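These notes are about the structure you will find just below.
Here the structure is a predicted model, which is why all the values come from computation and not from measurement.
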Amino acid sequence: MKVAKFGGSSVASAAQFRKVADIVSSDIERRIVVVSAPGKRYKDDVKVTDMLIQLAEQVVAGEPHEETMEAIVKRYADIANELGLEADGFLAELVDDLQSKISAYRSEPPRLFDAIKASGEDHNARLMALYLQDCGLEASYVSPLEAGIIVTDEPGNAQVLPESYDKLKQLRERRGVLVIPGFFGYSRSGHIVTFPRGGSDITGSIVAAGVKADVYENFTDVDSIYCVNPSIVADARKLKEITYREMRELSYSGFSVFHDEALEPVYRAGIPVCVKNTNNPAAPGTWIVAKRNHIDEPVAGIASDTGFCSINISKYLMNREIGFGRRVLQILEDEGISYEHTPSGIDNMSVILRADQLADGKDERILARIREELAVDEVTIEYGLALIMVVGEGMEKTIGMAAKATTALANANINLEMINQGSSEVSMMFGVKEEVVNEAVRALYNAYFQQATVNHLS
């Protein structure tokens with residue numbers, strides 16, 4: 001059995017629906033299909049999820065929302081009409097569903113946003129099931145409630161509960177192709193609760209683990225996962241395979257292929273993942289597996305992201321002061337701020353975090369508290385940082401990996417703001433100024449991949 005998840009770009013239009021139907025019908029093992037909401041059809045298009053968010057915002061603000069509602073319905077109507085489906089009943093149900101959710105949750109904005117956002121995937125799954133039936137397949141829509149996806153009651157941040165997996169296992173007994181909407185589940189109290197944005201990947205992974213699939217296929221709009229962002233490095237190398245741990249590190253650090261939480265269920269279940277292209281399904285794709293051969297390619301990939309800052313703290317004999325680091329992090333916790341890395345020396349400590357968390361005067365409050373409560377010699381905040389992660393399970397047993405990076409950056413005249421390596425040695429983090437991050441990524445790519453290719457060929 002295979003579980004196939006199709007992302008927003010794969011179900012954005014009637015043409016894409018036809019491709020999905022061809023893919024599903026070409027392999028009888030593709031028994032379960034998980035779909036996202038319709039994504040962009042072209043560069044400047046608007047995703048249905050963004051339209052739904054706008055609708056919820058208008059309702060909460062008490063603004064007219066009829067035009068947005070009409071635009072949402074039209075997106076589905078355009079798909080249905082071009083596919084030649086008799087969809088009047090489907091479209092009427094869509095309108096009724098949105099209106100009933102607005103009536104039920106108008107006074108509870110977090111609930112309203114979750115219910116409205118989830119309808120994008122929900123109605124797209126219903127439409128996909130109708131189309132697969134029209135194509136002659138035995139297909140049926142299965143809601144997350146019916147499937148048994150029970151989650152924590154945290155609007156916008158659902159976590160699957162263990163009891164879900166026993167219920168999901170029963171889907172193996174169902175006949176035909178089952179179409180399940182991604183992105184949301186139901187709380188024990190019966191409320192719709194969404195996963196974090198990009199959560200359709202999470203749903204696909206949960207379902208694959210629950211039904212004990214042989215393979216989880218994640219269809220997107222690229223032939224493979226690239227070892228680096230192809231918009232930064234032209235002709236970037238495609239990956240044949242990558243491990244769960246490597247993919248998790250890269251996803252967290254800026255790779256957009258997978259939501260960084262999405263791999264956990266299939267990782268636990270030991271189910272291999274194949275990332276494939278809806279627009280070119282014959283391409284072999286990239287396999288995400290438990291182990292790979294690291295001998296020739298110790299580095300799996302390079303990811304980068306911007307929008308970071310560093311709180312830099314100095315205090316003489318800091319290393320002798322018991323509990324110093326804990327108290328720094330307690331101040332951040334008091335302000336509701338999470339951190340990414342904490343590189344340190346004997347008399348200094350830095351805390352790397354997302355800069356957007358320091359809005360509304362939090363930066364000045366944090367600086368003041370650190371000065372007053374910890375009696376430091378100096379504390380500053382440095383903005384405009386980018387983080388680059390070099391990831392590979394083979395780095396641990398390969399000599400000179402860090403030296404290769406620092407040499408490449410030095411030769412490119414790029415100043416390193418910081419460097420940090422985790423104890424697992426699966427990844428190395430480099431901090432640079434945002435304005436040189438792309439140049440730095442290209443320098444690291446040349447050091448780890450271009451030179452490796454030359455050495456291999458020689």
Side-chain angles (χ1 to χ4, degrees), residues 7-17 35-83 85-131 141 143-145 153-158 181-187 189-200 203 356 359-360:
S9 62
S10 299
V11 289
S13 65
Q16 295 301 97
F17 264 57
V35 299
S36 296
K40 291 185 177 183
R41 297 161 293 184
Y42 44 86
K43 182 179 179 182
D44 297 324
D45 197 14
V46 180
K47 297 178 180 179
V48 165
T49 300
D50 291 329
M51 298 167 72
L52 291 164
I53 291 171
Q54 181 183 3
L55 174 65
E57 289 172 342
Q58 290 169 339
V59 171
V60 170
E63 299 172 352
H65 57 269
E66 291 75 16
E67 186 175 330
T68 304
M69 178 90 79
E70 290 175 4
I72 293 166
V73 175
K74 186 177 184 301
R75 281 292 296 273
Y76 289 101
D78 287 347
I79 295 172
N81 291 336
E82 192 173 334
L83 292 173
L85 296 175
E86 293 290 337
D88 290 346
F90 163 79
L91 296 172
E93 287 178 6
L94 169 57
V95 173
D96 288 345
D97 179 65
L98 289 173
Q99 290 176 339
S100 66
K101 285 179 168 59
I102 290 170
S103 298
Y105 296 118
R106 189 187 295 270
S107 61
E108 299 179 79
R111 297 282 188 207
L112 177 69
F113 272 88
D114 265 16
I116 294 295
K117 285 189 297 182
S119 69
E121 275 76 8
D122 194 40
H123 292 288
N124 217 30
R126 295 175 189 269
L127 186 58
M128 180 61 72
L130 286 175
Y131 179 58
Y141 159 82
S143 77
L145 183 62
D153 200 355
E154 306 168 72
N157 192 36
F183 190 35
F184 71 99
Y186 282 81
S187 68
S189 57
H191 289 293
I192 291 172
V193 191
T194 63
F195 295 111
R197 191 74 186 263
S200 289
T203 299
D356 59 7
D360 302 323

May I ask you to decide whether R75 forms a salt bridge with D45, counting only side-chain N to carboxylate O separations under 4.0 Å?
-> yes
Would a distance-only check, ignoring hydrogens and angles, find a side-chain to backbone donor-acceptor pair under 3.5 Å from D122 to A118?
-> no
Is the backbone N or O of A37 less than 3.5 Å from a side-chain atom of E121, with the two atoms forming a donor-acceptor pair by type?
-> yes
Nearest heavy-atom approach of P181 to S143 is CD-CA, 4.5 Å
With the side chain counted from C-beta on, respond yes when R41 and Q16 share a heavy-atom pair under 4.5 Å apart, and no when they do not.
-> no
For L127 against A80, the heavy-atom pair lying closest together = CD1-CB, 4.1 Å
Below 4.5 Å, heavy atoms only, C-beta onward: do P144 and F184 meet side chain to side chain?
-> yes
CE of M51 to NZ of K74, rounded to nearest 0.5 Å, is 9.5 Å
Can you check whether I192 reaches L145 side chain to side chain, under 4.5 Å on heavy atoms?
-> no
Output all residues satisfying side chain to side chain donor-acceptor pair (under 3.5 Å) with R111, sequence neighbours left out; order by chain, then residue number.
-> D153
If we only count heavy atoms from C-beta on, is the Y131 to L85 side-chain gap below 4.5 Å?
-> yes
How long is the gap from OG1 on T49 to CD1 on I72, to the nearest 0.5 Å?
-> 9.5 Å
Are any non-hydrogen side-chain atoms of V11 and F17 less than 4.5 angstrom apart?
-> yes
Please list, one pair per line, the donor and acceptor atoms closer than 3.5 Å that link side chains of residues 89-98 to other protein atoms, with sequence neighbours excluded.
unit_1 : atom_1 : unit_2 : atom_2 : d
D97    : OD1    : K101   : NZ     : 2.5
D97    : OD2    : K101   : NZ     : 3.0
D97    : OD2    : H123   : NE2    : 2.9

So which heavy atom on V193 is nearest to which on S187, and how close?
-> CG2-CB, 4.0 Å
Counting only N and O atoms by type, is there a donor-acceptor contact under 3.5 Å from the side chain of E82 to the main-chain atoms of A15?
-> no
Short side-chain to backbone donor-acceptor contact, T203 and F183, under 3.5 Å | yes
Considering residues, nucleotides and ligands other than D360, do more than 12 of their heavy atoms fall under 6.0 Å from its CG?
-> no
Ignoring hydrogens and angles, tell me if any N or O in the side chain of Y76 forms a donor-acceptor pair with the backbone of G120 under 3.5 Å.
-> yes
Please list every donor-acceptor pair under 3.5 Å in which a side-chain atom of residues 52-67 meets a protein atom from a residue at least two apart or in another chain.
unit_1 : atom_1 : unit_2 : atom_2 : d
Q58    : OE1    : T68    : OG1    : 2.8
Q58    : NE2    : T68    : OG1    : 3.1

Heavy-atom closest contact (G8 atom, S36 atom, distance) | N-CB, 3.5 Å
